[in-house]
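Numbered from 1 within each chain, the chains take letters A, B, ... in sequence-line order. A quick note: this is a predicted structure, and the numbers were derived from the prediction, not measured.
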Amino acid sequence: MNSKSNDAILDIQDLKMYFPVTRGLLRRKVADVKAVDGVTFKLKQDETLGLVGESGCGKTTVGRCVLGLYKPTGGKIFFEDEDIATFSEKKLREIRSKMALIFQDPYSSLDPRQSAGSIVGEPLKIHHLVLSKGEYRDKVDQLFSIVGLDSSMTDRFPHEFSGGQRQRIGVARALACDPDLIVCDEPISALDVSIQAQIINLLEELQGSSKKLSYLFIAHDLSVVKHISDRVAVMYLGRIVEICSSKELYDNPLHPYTRALLSAIPIPDPFVEETRERIILKGEVPSPLNPPPGCSFHPRCFMAIPECSQALPPLRDIGDGHEVACIRV
Amino acid sequence: MAELLRVNNLVTQFKTESGLVKAVDGISYYIDEQEIIGLVGESGCGKSVSQLSVMQLISAPGEIAGGEVIFEGQNLLNYHANGPEMRSIRGAKIAMIFQEPMTSLNPVLTLGRQLTEMLQLHLKMNDDAARKRAVELMSMVGIPSAESRIDDYPHHFSGGMRQRIMIAMSLSCNPKIIIADEPTTSLDVTTQAQLMELMKDMVERFHTSLVIVTHNLGVVARYAQRIYIMYAGRIVESGTIKDIFGTPRHPYTIGLLKCIPRLDEEEGTKLVPINGLPPNLINMPSTCAFLPRCSYRLDKCSREPWPPMTAIDGNHYIRCYADTKEK
Ligand SMILES: Nc1ncnc2c1ncn2[C@@H]1O[C@H](COP(=O)(O)OP(=O)(O)OP(=O)(O)O)[C@@H](O)[C@H]1O
Ligand SMILES: Nc1ncnc2c1ncn2[C@@H]1O[C@H](COP(=O)(O)OP(=O)(O)OP(=O)(O)O)[C@@H](O)[C@H]1O
Ligand SMILES: [Mg+2]
Ligand SMILES: [Mg+2]
C-alpha cells in the first residue's frame, strides 16, 4: 500500500482529517471531529470522479486535503506519483500550479476590488508562467475566450458580471496554469437553473479538448454529479460507502444509503416518478463528533441487523470496480 | 373538487430608484379543494412576491397594483392588509411555510409559546387545551418526545426539525390552504424527502390544499397535480403535470426540461443550455420577456405585446405565438 500507482493522477489511500475540538481558555483538546475518516480512491487522467453526500459528510475537506490546504491527520495522497501529504509548504506551492480549485460561490470567491482580468491572470504571475506584459495580456485574453467571455470585459469588476459569468471567471482562473487536476467544489449550486447547464457543458468541453484534465467534482446534487462524472463516490460521515461508474450507480445501487439518496431525488417526469422506489430514511445525519459505532449509517438503515453496529464494514470490490461498504449486500 | 382560491390578473410592483420592478405582472391561477399545485420558476421570477401578495404581506416600496384574490367568495384585496378580516385568514385559513424557518420562528420565544399563541388567537383555546394540542401537533410532525421539547427555543433544533415545527404551525388552525415557499431548499436531500412526504401525508389527512413554490421541477413532478411555470413575473405555461412534462409547449418550459440533468438519462446525454440570462424586471418591454433567449421566435414576437394565456387543449395553456409542437 505504499507504492505509487500506474495510471492514476491521484491516488488517495486511507485519508484521515480530524479537526480538534477545544474548550476553555487553554484551548484544551476535548475531542476530534473526524471530518474524513479513512477515504481511499483513485482518479485517472482525463477522468471525472464525483464526490456526493449530504452536508458535513467531508466532501470539501477531501478536496482541501488534495490541494494541500490541510495537512492530513493520516493517509497518503499520491499526486502524479508523489505523496504530497508529506510535502513542505514550498514544495506544495510548486505542485499547486498543476492543480486548481473552482469554488461554490461565484459571489464571494472573487476579490471584489480586483478586475476580472487580474483575477484570471494572477496565477500566471504567482507561478511565473509568463515572461512579458504582452504575453500576460495575450494569455488572459485567451483564457477569457476559452470560457466564453469577451476579452473586452477584462477591465470590469466582479459586481458587473452575472452569477454565471462570475463562475466563468472562476473557471478561467482555474485554467490559467494549465492544470492536470481541477477540484470543483459545488461549482454550480449557486447558479440559476437555466445557467447551470452552461457551466456543466463548459467543464465537459474543456476536458474533451484537453485530454489530460481530471476533475474531482464535489456536489450534493446527485443528478448533476451523475451527469458529469465517469465514476461516483458516495460519502456518509467521513467515509466512502459506495463507489462505481455513474451508470452502475443508477442501474445497480447497492448500499442502502445510496439507494435512499437516489430515491430522495425526484426525476422531472411524472410518468417515471409513478414507478420509482421511495425510501424515506429515519432520523437525521448524526454528528461527526459522535458517530454511531460500527457502520455509521446503521441507526437510519432499513436493512440493519445487530451485526451492523459491531464492526466497521470495509469497502470491498464486488466486481468491475464497483465497491461497497455494507455487510448486507 | 370545488374551486377554493382564484387569483385574477394580480399585479405587484416595487418602486425603486432604478425604476419600476414589475415583480408580478398580471398572473392568474386557481387551486381546488384538496389539490396540490406547483408554482415553478427561476430565482427572481416573482414566485414569493405573488404568494406574499395573496397574503397581503407586501410592504413599501412594494404595492399590489391590481387584480383579485377570490377566497370563499370574497376578494381578499378589498380587505385592509392589517384589518381583522385579513388577520383571521392569514396564518389560519391560509397558512404559509417559508424557505428559511429561522426567519419565521421567533428566536426568543419557546416553541410552545409560538404554537399556543396561534391556537389561542385563532381558535380561542384556553392555556391547557392549547398546550395539549401543541404537543399533539409536534408529535404528529415527527418531533421525538414532544412533551419535553415544547419549552425549548428554536435554536435548539436542527434545520430539518425547525421545518417540521413550521409544518406543525401551519397545520395548527386547520387551514384550507398551505402555501409552502421553497420549504426544503436549504436542507439535505434525505431530509427534504422526509419533509415533502410529511407534508403530502398531512395535507391528505387534513384535506388541505397545498401550493408548492419551488425551482425544482422534480419536486413538482413527484408531488403536484397541476403546475404553473413562471418567467419574469408572468405565468407562461400551465397544465396538469402530465401535460407539462409529457408535452411541454412553451419555449421556456421546453428549454428548462432540456437543460437539467436527469438521474435516469442515457449515458452521454448533452444538456442544452438556455442562452442568455433571465431579465432583470426593471422597466420591462411589453413584448415577451423570454424573446431574447428564445429559439422559436417569430417576427411577430418582437412587434406584438406578450400574448394572453391561450388554451392548447383541455386545461393546458401557454402564453406564446410560436408553434412549438414539432421541434
Ligand atoms: N476547519 C474546520 N474545523 C473544524 N471542523 C471542520 C472544519 N472544516 C470542516 N469541519 C467539519 O468537518 C465536517 C465535514 O465538513 P466538510 O465541509 O468537509 O463537509 P461537506 O461535505 O463539504 O459539506 P457541505 O455539503 O455542507 O459543503 C463537518 O462536520 C464540519 O463541521
Ligand atoms: N423589496 C423589494 N424591492 C425591490 N424589488 C424587489 C423587492 N422584493 C422583491 N423584489 C423583486 O421582485 C422580483 C421577484 O422576487 P421574488 O422574491 O418573488 O422572486 P422568487 O421567484 O421568489 O425568487 P427565489 O427563487 O430567488 O426565491 C425580483 O426581481 C426581486 O428583485
Ligand atoms: Mg462543502
Ligand atoms: Mg422566493
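Using a 4.0 Å cut-off between charged nitrogen and carboxylate oxygen, A:Glu273 and B:Arg222 count as a salt-bridge pair. Salt-bridge formation is not detected for the pair A:Lys247/B:Glu266: no Lys NZ or Arg NE/NH1/NH2 atom is positioned less than 4.0 Å from an Asp or Glu carboxylate oxygen. Between B:Glu265 and A:Lys226, none of the side-chain N atoms (NZ, or NE/NH1/NH2) sits under 4.0 Å from a carboxylate O, so this pair counts as no salt bridge.
With hydrogens and angles ignored, the 3.5 Å screen pairs a side-chain donor or acceptor of A:Asn201 with a backbone N or O of B:Leu271. A:Gln198 contributes a side-chain N or O that, together with a main-chain N or O of B:Ile274, makes up a donor-acceptor pair within less than 3.5 Å. A distance-only check finds a donor-acceptor pair linking the side chain of B:Gln194 to the backbone of A:Gly283 [under 3.5 Å].
With a 4.5 Å cut-off on non-hydrogen atoms, B:Leu187 does not touch chain A at all. For B:Met161, the parts sitting under 4.5 Å from any heavy atom of chain A are the backbone and the side chain alike. Proximity to chain B involves both the backbone and the side chain of A:Asp269, based on heavy atoms less than 4.5 angstrom apart. The contact between B:Pro278 and chain A is made entirely by side chain atoms (from C-beta outward), counting heavy-atom distances below 4.5 Å. Looking at B:Leu256, only its side chain comes within 4.5 Å of chain A, counting heavy atoms on both sides.
Between A:Pro268 and B:Ile260, the closest side-chain pair of non-hydrogen atoms falls below 4.5 Å. Taking the side chain as every heavy atom from C-beta outward, B:Arg262 and A:His227 never approach each other to under 4.5 Å.
Between chain A and the options B:Gly268, B:Pro261, B:Ala193, heavy-atom pairs under 4.5 Å are most frequent for B:Pro261.
For B:Thr190 and A:Glu54, the side-chain atoms include at least one donor-acceptor pair closer than 3.5 Å.
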